[in-house]
Student: 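Before I ask anything, let me first share the structure, which is written out below as C-alpha cells.
Everything quoted here is computed from the prediction, not taken from an experiment.
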Amino acid sequence: EIDDKIGKGNLLDAGEALSGMSDKAKDMAGKTIEAFTEVEDAQKKLNASMGVAGTASAKKYEQALTDVFRSGLFEDMSEAADAVALVSKNLGDMSNQDLSQLVQDAKVLENTFEVDLKETIRGVAAMQENYGITGKHALDMITVALQRNGSTWADEVGDNMAEYSQLWAQMGFTASETFQILENGTRNGAYNLDKVNDVVKEIGISLTDGRIEENIDSFSQKSKELFESFKNGGASQAEVIQSLLTDLGEMENKTEALSLASTVWSALGEDNSLKVLTSLMSVKGGYEDVQGAADKLNEDTTTTSQKMQGAWNDLKLALVPIGEELALALQPLLLGLTEILKSFQNLPGPVKTFIAAFLGVGTIVGILAGVAGALTALVGILGGPVTLALIAVTGIIAGVIAVIKNWGSITEWFSKQWDRLQKWWTEFWARFSDPADSAFKILSSSVKTVTSFLFASFEDKVNAVKNIFK
C-alpha cells in the first residue's frame, strides 16, 4: 500500500500511512536516547565531583554507581550519583563493592526510618574518625539504635554523633558504651539525646573545674582513687564518671543523693531526675554485637516494587549503547536543520514577504508533509516543532524556486542539502541496516520524487499537482 501510494506521487497519504510507525519509533528511540543521556550525565557529574574525570579511578565510581542504580533504591541516577559522592567524600577511599553497599544501606535507613541521609553519613564519618571503627560498623550501630528506639532517635542520631562523638571518645567511652548510655538516658526520662549529651558533658567539665575535687569526700573510696589517678594522667574521665554515678545509685537515702548531684552539678542535677543520672552508669547492653545489622535490614525491606524498579533501571543501562549510537548519528542531521533555518533568516526582505504569502499554498506543503512523515517515522526522534519547521522551510524553498527561476545559486544550494541529507541517512542506517533497509528505500524514493518535482520545468510541476487529485 505504501509503495503504491509513493509510486503515484501521493506522498501526503503515504505520510499518513506511516504515522502509526512514526509514533512507536519516536517513543522507542526517545526512551533509548533518554536512558543514555541520564546515565552519561550522572556518570560525568559523579566523576567531576570526585575529581577523577578521565582517570583510572573513574571506573571504580562508575561501577559503584551502576550497582547502586541496579538495586532499585533510586529512580533517578543523578540522585544515586549524589549519594555515592556523599558517602565516598565523607568515609574515604574504599572498593567499589564496599562503596555501593554502604550507599544502599544508608538509603534503606532513610527509607525505613525517614532519617536524613546527609546527617546520617556525617554521623557515621564522625564515629569512624573519633572511635576508630569502620564506617560499616558505625552504620550497623546506628541501624540497631534506630530499630531499638525508633522515632525517638530518628531525627537526631546522625546529627548527635556528628556533634558529640568526639567528646565521648575523648572522655574514654567506646562507641557501644556511648550508644548504651544514650539509650539508658532516653528510656529513663531524658527528653531527647541532646539532654543526655549535655548531662555527660557537664559531668566531664566538673572533673576539671574544681567541683568534683571540692565534693570528692561525699563519694566512695574507689571514686576518690580513680579521681586521683585521672588527675595524674592515669584513669580516664569515663572511668571516673561511671564510678561517681554508681555511687549515686547505690546511696540508700535518695534525697541525699539528689542533693549531692545538685550541689556538684548545680541546676543540672535538679533538671535531671536521679533516675536519669543513675541510669547512665550502665554501659553494657545491646550494642556489643551489631555486625551485619544494616545489610540484614536491607534484605528484610526489599520489596517487589523495589525489584521492579531495579529491573527497569537495568533495562535503562542495557539501552545505553544503542542510545549512544542514536545520539551520535542524529547530531549531523540536527546541525543540518539548524543550518537551513539560519540560512533563511538572511533572505532579502521582498523574498521573505513573498514567502509569507506563498505559505498559504497548501498543496505543495501537503506533498512535502509526506516526506516529513517518512522522515519522522524513520528517525523516530523528529516530531512536533522540528517536523513543522522542516515542512515550512522546504515549502519555502519550493515557492522560491518556482517563481524566481533565475536563482540558480539557491536551487544549487537546495540540491546540495538534499544530497547531504541522503548521505546522512546512508551513514545512519549503516549502523542499523537490517531493520531499516525497506524504510530507507521509501525515503530515497520520496526524496527523488520531491526533488524531481522541485527542479522540473514549470509545466511538469503543474502536471504533478494535477496528478495528486486524480
Side-chain angles (χ1 to χ4, degrees), residues 123 125-134 137-138 141 160-186 188 190 193-289:
M127 291 175 66
Q128 179 177 274
E129 180 179 354
N130 296 320
Y131 294 119
I133 61 178
T134 65
H137 187 186
M141 194 165 294
N160 264 253
M161 285 298 100
E163 182 177 357
Y164 291 104
S165 62
Q166 183 178 22
L167 172 67
W168 287 90
Q170 287 175 346
M171 294 173 71
F173 291 102
T174 65
S176 61
E177 290 172 344
T178 299
F179 272 72
Q180 189 60 59
I181 292 173
L182 289 170
E183 183 175 288
N184 293 342
T186 54
N188 285 279
L193 294 178
D194 277 336
K195 292 295 184 182
V196 182
N197 282 305
D198 289 340
V199 168
V200 176
K201 179 180 179 181
E202 184 64 22
I203 295 174
I205 293 174
S206 71
L207 296 179
T208 59
D209 67 2
R211 282 178 287 169
I212 290 296
E213 189 158 20
E214 291 174 2
N215 295 277
I216 194 62
D217 289 339
S218 299
F219 294 92
S220 68
Q221 183 61 36
K222 179 182 179 182
S223 293
K224 293 177 184 178
E225 292 175 356
L226 285 172
F227 181 62
E228 286 299 319
S229 177
F230 163 71
K231 291 194 297 182
N232 295 322
S236 67
Q237 284 183 308
E239 291 175 292
V240 179
I241 291 173
Q242 289 299 302
S243 183
L244 295 175
L245 294 177
T246 298
D247 290 345
L248 285 178
E250 292 177 351
M251 288 183 181
E252 295 182 3
N253 191 323
K254 301 305 178 185
T255 301
E256 291 183 3
L258 186 56
S259 177
L260 176 58
S262 298
T263 299
V264 177
W265 299 302
S266 186
L268 186 63
E270 299 173 4
D271 294 340
N272 293 274
S273 69
L274 191 62
K275 182 181 180 182
V276 173
L277 288 171
T278 55
S279 72
L280 306 182
M281 64 185 179
S282 176
V283 295
K284 298 298 180 182
Y287 294 96
E288 287 79 25
D289 185 13

Student: Kindly write out the residues that satisfy salt bridge (Lys or Arg N to Asp or Glu O under 4.0 Å) with Asp217, not counting sequence neighbours, or none if the list is empty.
Tutor: Lys224
Student: Taking only residues two or more places apart in sequence or in another chain, which ones pass side-chain contact (heavy atoms from CB on, under 4.5 Å) with Gln170?
Tutor: Gln166
Student: Kindly give the heavy-atom pair with the smallest separation between Met171 and Ser236, and that separation in Å.
Tutor: O-CB, 3.7 Å
Student: Test Leu182 against Asn197 for side chain to side chain contact (heavy atoms under 4.5 Å, CB included), laying out the working first.
Tutor: CA-CA 7 Å; Leu182 289 170; Asn197 282 305; 3.7 Å; yes
Student: Closest approach of Ala190 and Val276, non-hydrogen atoms and distance?
Tutor: N-CG2, 3.8 Å
Student: If I take atom CD from residue Gln221 and atom CD1 from residue Ile216, how far apart are they, to the nearest 0.5 angstrom?
Tutor: 9.5 Å
Student: Atom CG in Leu244, atom CG in Leu226: separation rounded to 0.5 Å?
Tutor: 8.5 Å
Student: Just by modelled atom types, is the Gly249 backbone N or O under 3.5 Å from a matching donor or acceptor in the Thr278 side chain?
Tutor: no
Student: Any side-chain heavy atom of Leu245 sitting closer than 4.5 Å to one from Ile203?
Tutor: yes
Student: From Phe230 CZ over to Ile212 CD1, what is the distance, rounded to the nearest 0.5 angstrom?
Tutor: 10.0 Å
Student: Looking only at side-chain N and O atoms, does Asp198 offer a donor or acceptor that is under 3.5 Å from a partner on Tyr164?
Tutor: yes
Student: Check the angle between the aromatic planes of Phe173 and Trp168 and answer parallel, tilted or perpendicular using the 30° and 60° thresholds.
Tutor: perpendicular
Student: Ile205: which residues meet the side-chain contact (heavy atoms from CB on, under 4.5 Å) condition with it, sequence neighbours left out?
Tutor: Lys201, Glu202, Asp209, Arg211
Student: Donor-acceptor pair, Ser243 side chain versus Val240 backbone, under 3.5 Å?
Tutor: no
Student: Short question: side chain of Asn188, backbone of Lys275 - any donor-acceptor pair under 3.5 Å?
Tutor: no
Student: With sequence neighbours excluded, what pairs up with Tyr131 under the ring-ring contact (aromatic ring centres under 6.0 Å, His included) test?
Tutor: none
Student: So which heavy atom on Gly286 is nearest to which on Gln180, and how close?
Tutor: N-OE1, 3.1 Å
Student: With a 3.5 Å distance limit and no angle check, can you tell me whether Ser229 reaches the backbone of Glu225 through a side-chain donor-acceptor pair?
Tutor: no
Student: Who passes salt bridge (Lys or Arg N to Asp or Glu O under 4.0 Å) against Glu256, sequence neighbours left out?
Tutor: none
Student: Please report the closest heavy-atom contact between Ala126 and Ala162, naming both atoms and the distance.
Tutor: CB-CA, 3.7 Å
Student: Let me see the working for Thr178 and Val200 under side chain to side chain contact (heavy atoms under 4.5 Å, CB included), right down to the final yes or no.
Tutor: CA-CA 10 Å; Thr178 299; Val200 176; over 6 Å; no
Student: Ignoring hydrogens, what is the shortest heavy-atom contact between Ser218 and Leu260? Give both atom names and the distance.
Tutor: CB-CD1, 3.6 Å
Student: What's the spacing between Thr134 OG1 and Gln128 CD if we round to 0.5 Å?
Tutor: 7.0 Å
Student: Decide yes or no on side chain to side chain contact (heavy atoms under 4.5 Å, CB included) for Leu193 and Met161, but give the supporting numbers first.
Tutor: CA-CA 10 Å; Leu193 294 178; Met161 285 298 100; over 6 Å; no
Student: Using the test salt bridge (Lys or Arg N to Asp or Glu O under 4.0 Å), find all partners of Glu228 that sit at least two apart in sequence or belong to another chain.
Tutor: Lys231
Student: What I'd like to find out is whether the side chain of Phe179 reaches to under 4.5 Å of the side chain of Thr174, using heavy atoms alone.
Tutor: no
Student: Roughly how far, to the nearest 0.5 Å, is the CE atom of Met251 from the CZ atom of Phe219?
Tutor: 6.0 Å
Student: Judged by atom type as modelled, is there a donor-acceptor pair below 3.5 Å linking the side chain of Ser262 to the main-chain atoms of Leu258?
Tutor: yes
Student: How long is the span from the OG1 atom in Thr246 to the CG atom in Leu280, to the nearest 0.5 Å?
Tutor: 10.5 Å
Student: Looking only at heavy atoms, what is the nearest atom pair of Thr263 and Asn215, with distance?
Tutor: CG2-OD1, 3.7 Å
